[in-house]
Amino acid sequence: MKFNESAYKEEMIDQIKQLKKDCDAVILAHNYQRDEIQEVADLIGDSLELSRAAVKVQNQVIVFCGVHFMAECASILNPAKTVLLPVKEAGCPLADMVTPEKLREMKKKYPGVPVVCYVNSSAAVKAESDICCTSANAIKVVNALKEKRIIFIPDKNLGRYVAKHTDKEVILWEGFCATHINLTEEEVMRMKKLHPGAKFLAHPECRQEVLQLTDFIGSTSAILRYAKEQPDKDFIIGTESGILYRLKRDNPDKKFYLPSQHLTCANMKLTTLGWLTRSLKNMQYKVTVKDPILSRARRMLDRMLEVV
Ligand code: 13P
């Protein structure tokens, strides 16, 4: 008998819906998740939207389809809930580029200088920092600080982008997103030649040379909003491929082009319907953050949510 892939997928989706009811769970998914995960999610969003949603969740269980630091954030913001990450290996190489020890060394070099920590970081690193930010609010967060000098960790490209939009001196950390860094100026130029007139929208984790070619820079959800609101029909997209699901779904009359074949985050793609089913069935893998890290990381996340 021939394997019927779509019937199998439908069956799994039905099973996930039933399991979700049985264990009073809500599924949050990042904009970079596989199409089928976004299809089955209760809420899809960027890091800021998902953090905000996590605070308000009433269900007993939050299944976070994303990477480890995102599930950790949900757990910090709503510690009474069970937070599950379907694939325990789903990490973030950028978050791993800074450790609490290395950050403490940096802080010693710049006493009194506040640390603005991008959400793509571990809870332990957040606990050593002063305020959190996401790509949606980084400029606002930095400008809200009274100090003239700040340390920005761990993404140097986002940090540089922020520095351009503030009068403050921004001390950068040498971190980068292993996916966005792949996108080159040449690839964007080639795509622009193929689609003259197409607008180029990119995430601020891209290299500076790439960001110089943009018509719009924003978080994944800001890119989604911009593409929907603009009358243009053609867009070149400078961020992870998962974003194409909602771009295409919400704008069937528009065309979206990825300028590089390397814009896929392997970690984001680890979560499949199979792993999501297993996660709900076996309540795995629980992500928890304990005190004192919990309360210190909570304070810096709350500080961010007060700014925006
Ligand atoms: P946003 O969720 O802020 O759009 O950022 C995406 C990202 O780079 C996650 O690693």
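Each ligand, and each atom within it, is numbered from 1 in the order the structure gives. Positions are given from 1 along the sequence.
At least one N or O atom of T220 sits closer than 3.5 Å to an N or O atom of ligand 1. The shortest N/O to N/O separation between N120 and ligand 1 falls below 3.5 Å. Geometrically, ligand 1 and S47 share a nitrogen or oxygen pair separated by less than 3.5 Å. At least one N or O atom of E205 sits closer than 3.5 Å to an N or O atom of ligand 1. Polar contact check, T134 against ligand 1: no nitrogen or oxygen pair lies under 3.5 Å apart.
Contact of the L50 side chain with the D46 side chain is not registered, since no non-hydrogen atoms from C-beta on lie closer than 4.5 Å. Put simply, the side chain of E169 does not reach to within 4.5 Å of the side chain of I150, judged on heavy atoms. Side-chain contact between N143 and K140 is absent, with no heavy-atom pair separated by less than 4.5 Å.
Classified by interplanar angle (parallel below 30°, tilted 30° to 60°, perpendicular above 60°), the ring pair Y257/H195 is parallel.
Not a single donor-acceptor pair under 3.5 Å links the side chain of K199 to the backbone N or O of A227. For the pair N4 (side chain) and A7 (backbone), a donor-acceptor distance under 3.5 Å is present.
Ranking protein heavy atoms by distance to atom 3 (O) of ligand 1, first place goes to S135 OG, 2.6 Å. Among all protein heavy atoms, the one lying closest to atom 5 (O) of ligand 1 is H203 NE2, 3.0 Å.
No salt bridge links E128 with K102; every basic N to acidic carboxylate O contact stays at or beyond 4.0 Å. Salt bridge absent: D234 and K255 never bring a charged side-chain N and a carboxylate O closer than 4.0 Å.
With ring centers used as reference points, Y161 lies under 6.0 Å from H165.
The residue T239 has no part lying near ligand 1, judged by heavy-atom distances below 4.0 Å. For E240, no heavy-atom contact with ligand 1 is shorter than 4.0 Å.
Taking a cut-off of under 4.0 Å to the non-hydrogen atoms of D46, the atoms of ligand 1 that pass are 1 (P), 2 (O), 4 (O). Every atom of ligand 1 is numbered from 1 in the order shown, and the set under 4.0 Å from a heavy atom of H30 is 1 (P), 2 (O), 6 (C). The ligand atoms of ligand 1 that sit less than 4.0 angstrom from a heavy atom of Y118 are 5 (O), 8 (O). Set against the non-hydrogen atoms of Y32, the atoms of ligand 1 under 4.0 Å away are 6 (C), 7 (C), 8 (O), 9 (C). Near S219, with a cut-off below 4.0 Å to any heavy atom, the atoms of ligand 1 are 3 (O), 4 (O).
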